[in-house]
Amino acid sequence: LVEDLRSWISSLDAAGMLYRVSTPADARDISRIISEHYQQATFFENVSEYRIPVLANSVSSRKMIALALGCGERDILQEYLSRISNPIEPSSSSDSRLCQEETVIGSDRVDLTSLPILLQHEFDGAPYISAGIVVAKDPMTSDYNVGIYRLMFRTKNELGINITAPHRLRWFYQKALDMGRPLEVAVCLGLHALDLLAAVTGVPEGKDELAVWGGIRKEPLQMVKCKTLDLYVPSHAEIVLEATMQPTGWTEAEGPYGEFPGTYSGMRMNPVMKVQAITTRSRPIYQSATHGGKHLGNTDFFVIVPQIELSIFQALRHAGIDAKAVRVLSSSAGMVCYVSISSRTKGDSRNALYVALSGSRQNFPKYCVVVDSDIDIFDDQQVLWAIATRSQPKEDVIILEGMRIPSSSDPSLVGPPYSMSKMGLDATIPIEMSRMKFEFSKTPNFPAHRTVDAPRNSEDSERIAREIQKKLEREGHLSFYEIIKDFNDESYRSILTAWSRLRESSEISQDGNTGKYFLTKNRETKQK
Ligand SMILES: Cc1cc2nc3c(=O)[nH]c(=O)nc-3n(C[C@H](O)[C@H](O)[C@H](O)COP(=O)(O)O)c2cc1C
Ligand SMILES: [Mn+2]
């Protein structure tokens with residue numbers, strides 16, 4: 001087997017993205033320690049009271065996703081798209097039963113307190129399993145769905161599950177409910193970054209999510225049948241919880257939870273699941289996903305960012321816009337997005353804003369800035385520069401109202417029912433305007449030259465002055481840089497002295513419009 005949680009830990013370690021804690025850590029201190037080292041993944045080799053190590057924050061940056069996909073940070077979109085476009089069917093003939101090396105079967109024997117389930121935020125309703133990939137089958141069609149859902153610890157064998165958002169698992173449960181039947185679910189815990197990426201990718205109705213998962217891994221998933229459910233799960237999972245959701249509906253209070261915007265979601269009414277078996281690899285590793293807090297830019301929310309970027313990118317391309325790059329900022333909880341485009345027609349940038357603000361499957365972002373393709377949107381300073389120099393608020397801001405929301409966890413929303421307004425900022429140079437005045441002031445880039453040590457003498461500067469005259473005679477209007485770059489091997493001070501002489505004697509003049517210089521006697525004849 002190639003890619004599992006253990007290989008991911010090694011990859012992170014080799015890339016310097018892992019903070020390793022070898023001394024025993026108390027489960028109560030773990031969340032704090034993780035957040036103190038937010039720029040890395042944290043691996044607790046030894047958790048007091050538990051024989052189970054913990055990995056967290058392991059898909060929390062663009063760097064980590066690029067590492068998992070084996071590509072550069074700017075190539076994530078293309079790599080992700082190419083993997084999604086080449087699905088690979090799972091393999092059921094596998095005899096690998098890694099995730100069932102140890103089993104506890106029966107809801108009376110199951111004990112969730114055997115897992116280091118963390119209290120992640122001060123006011124969370126309870127400890128939460130946060131990195132569980134929930135696998136389920138459509139009760140009507142038997143199509144598989146996977147998704148990551150937060151799971152609230154209730155009792156030794158009972159978990160709350162948040163399925164309030166209109167995600168696919170919610171519809172599966174609703175169908176089972178309508179049929180008066182329980183829904184079987186398997187919670188897979190402890191997987192590779194590529195698996196988490198696959199779990200949030202989502203597929204259109206009727207498409208097989210397991211094949212897309214295989215495509216993202218670039219190899220067939222090795223599936224193994226659950227011990228007590230009619231479900232298959234990837235055999236390389238560290239831990240699998242086999243559970244059923246009873247057809248009771250949304251009857252139990254769930255929450256609060258420190259959600260991805262960095263604030264608490266309020267209470268929700270939600271179903272619960274009863275865990276009837278726990279199967280694990282031998283010496284399993286527990287995985288936790290970070291959420292919210294002060295360092296939003298470095299939480300495991302990041303795993304969903306490529307999906308949002310791809311969704312916006314495809315919508316733009318579909319709308320005939322030559323989009324070059326899309327960046328959703330994790331530090332904004334997905335609410336701010338930068339898009340760079342190459343404008344072909346007047347209106348491209350405006351259309352791009354409307355599409356980016358409304359075209360993603362997940363309804364992100366809230367704010368979008370569109371810039372020209374000469375701006376590197378992965379550099380915040382360049383984007384701010386474009387905003388500062390290429391936009392006028394009155395002309396270039398659009399506000400859209402009454403739009404669908406990405407999540408009701410946004411504390412600024414008013415409702416229910418919820419809808420939101422969105423803002424677009426066009427920081428592109430209008431296509432009809434000259435690009436000249438928008439250009440960067442670059443540093444002068446003098447060709448290779450020798451350094452002059454010798455003290456300057458007045459003959460030198462006299463000779464240089466004459467040569468400058470000749471050059472202007474030949475070439476007409478030139479900038480200061482254009483003039484002096486040909487005297488590279490001379491002393492800089494000699495050149496300035498020569499310049500001073502020419503100015504004193506009024507032999508050269510500066511054009512009041514262009515700032516370029518010309519020979520005074522040639523004012524009329526040599527003007528460009
Ligand atoms: C760490 C993490 C936790 C998440 N928790 C939830 C959740 O509790 N409820 C939810 O509806 N979506 C949650 N999501 C988003 C879904 O996993 C994601 O939208 C997925 O594509 C939904 O899958 P589905 O629509 O195929 O069921 C979470 C995502 C991440 C990365
Ligand atoms: Mn899904």
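Numbers here simply count residues along the sequence, with the first being 1. Because the structure is a prediction, the values reported are computed rather than measured. Each ligand, and each atom within it, is numbered from 1 in the order the structure gives.
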A.B. asks: What I want to know is whether R150 and ligand 1 share at least one N or O pair that is separated by under 3.5 angstrom.
C.D. replies: yes
A.B. asks: Between G147 and ligand 1, is there a nitrogen or oxygen pair with a distance under 3.5 Å?
C.D. replies: no
A.B. asks: Out of all atoms in ligand 1, which are within 4.0 Å of some heavy atom of L169? Include the element for each.
C.D. replies: 27 (O)
A.B. asks: Should the pair R97-E101 be classified as a salt bridge under the 4.0 Å nitrogen-to-oxygen rule?
C.D. replies: no
A.B. asks: Non-hydrogen atoms of V200 versus ligand 1: any pair closer than 4.0 Å?
C.D. replies: yes
A.B. asks: Select the closest option to atom 11 (O) of ligand 1 among E259, M152, H167, judged by heavy-atom distance.
C.D. replies: H167
A.B. asks: For atom 25 (O) of ligand 1, what is the nearest protein heavy atom, given as residue, atom name and distance?
C.D. replies: R168 N, 2.8 Å
A.B. asks: Are side-chain N/O atoms of S409 and S265 paired as donor and acceptor at under 3.5 Å?
C.D. replies: no
A.B. asks: Hey, is D138 close enough to K175 for a salt bridge, meaning N to O under 4.0 Å?
C.D. replies: yes
A.B. asks: Which heavy atom of the protein is the closest neighbour of atom 3 (C) of ligand 1, given with residue, atom name and distance?
C.D. replies: H291 CE1, 3.4 Å
A.B. asks: For Y128 together with Y257, are the ring centres under 6.0 Å from each other?
C.D. replies: yes
A.B. asks: Going by the order shown, which atoms of ligand 1 are within less than 4.0 Å of some heavy atom of V303?
C.D. replies: 31 (C)
A.B. asks: Is there a nitrogen or oxygen of N162 sitting under 3.5 Å from a nitrogen or oxygen of ligand 1?
C.D. replies: yes
A.B. asks: Heavy atoms only, cut-off 4.0 Å: how does Q307 contact ligand 1, side chain, backbone, both, or neither?
C.D. replies: neither
A.B. asks: Tell me which part of T164 gets within contact of ligand 1: side chain, backbone, both or neither, using heavy atoms under 4.0 Å.
C.D. replies: neither
A.B. asks: Suppose I only count heavy atoms of A165 and a 4.0 Å limit; which atoms of ligand 1 are within that range?
C.D. replies: 11 (O)
A.B. asks: Do the side-chain N and O atoms of T228 and E242 include a donor-acceptor pair separated by under 3.5 angstrom?
C.D. replies: yes
A.B. asks: If we ignore angles and hydrogens, is there a donor and acceptor under 3.5 Å between the side chains of S61 and N298?
C.D. replies: no
A.B. asks: Flag D300 as yes when one of its N or O atoms lies below 3.5 Å from any N or O atom of ligand 1, and as no otherwise.
C.D. replies: no
A.B. asks: Using a strict threshold of under 4.0 Å (side-chain N to carboxylate O), is an ion pair present between R327 and E73?
C.D. replies: no
A.B. asks: Determine whether more than 12 heavy atoms belonging to other residues, nucleotides or ligands lie under 6.0 Å from atom NZ of K225.
C.D. replies: yes
A.B. asks: Out of all atoms in ligand 1, which are within 4.0 Å of some heavy atom of S130? Include the element for each.
C.D. replies: 1 (C)
A.B. asks: Would you say the side-chain atoms of Y19 and Q39 include a donor-acceptor pair closer than 3.5 Å?
C.D. replies: no
A.B. asks: So is R268 actually on top of W250's ring, under 6.0 Å and inside 45° of the axis?
C.D. replies: no
A.B. asks: Do the side-chain N and O atoms of R217 and H236 include a donor-acceptor pair separated by under 3.5 angstrom?
C.D. replies: yes
A.B. asks: Return yes or no for this condition: an N or O of V146 is under 3.5 Å from an N or O of ligand 1.
C.D. replies: yes
A.B. asks: Return the number of protein N, O or S atoms with a distance to the Mn ion (ligand 2) smaller than 2.8 Å.
C.D. replies: 4
A.B. asks: Is the closest side-chain donor-acceptor distance between T164 and N162 under 3.5 Å?
C.D. replies: yes
A.B. asks: Which residue holds the protein heavy atom closest to atom 28 (C) of ligand 1, what is that atom called, and what is the gap in Å?
C.D. replies: I148 O, 3.2 Å
A.B. asks: Using residues 314-321 as the side-chain source, report each donor-acceptor pair under 3.5 Å to any protein atom, sequence neighbours left out, with the distance given to one decimal.
C.D. replies:
residue, atom, partner, partner atom, Å
R317, NE, A323, O, 3.3
R317, NH2, A323, O, 2.7

A.B. asks: I'd like to know if R150 and E254 make a salt bridge, using a cut-off of under 4.0 Å between side-chain N and carboxylate O.
C.D. replies: yes
A.B. asks: Which ligand 1 atoms, with their elements, are less than 4.0 angstrom from a heavy-atom of A289?
C.D. replies: 1 (C)
A.B. asks: One residue to check: A131. Relative to ligand 1, which of side chain, backbone, both or neither has a non-hydrogen atom less than 4.0 Å away?
C.D. replies: neither
A.B. asks: Taking the basic N atoms (NZ, or NE/NH1/NH2) and the acidic carboxylate oxygens, is any pair closer than 4.0 Å for R281 and E102?
C.D. replies: no
A.B. asks: Rounded to the nearest 0.5 Å, what separates atom CE in M335 from atom SG in C368?
C.D. replies: 14.0 Å
A.B. asks: In the protein, which heavy atom is nearest to atom 24 (P) of ligand 1, and how far is it?
C.D. replies: Y149 OH, 3.3 Å
A.B. asks: Counting only nitrogen or oxygen atoms and a 3.5 angstrom limit, does N145 reach ligand 1?
C.D. replies: yes
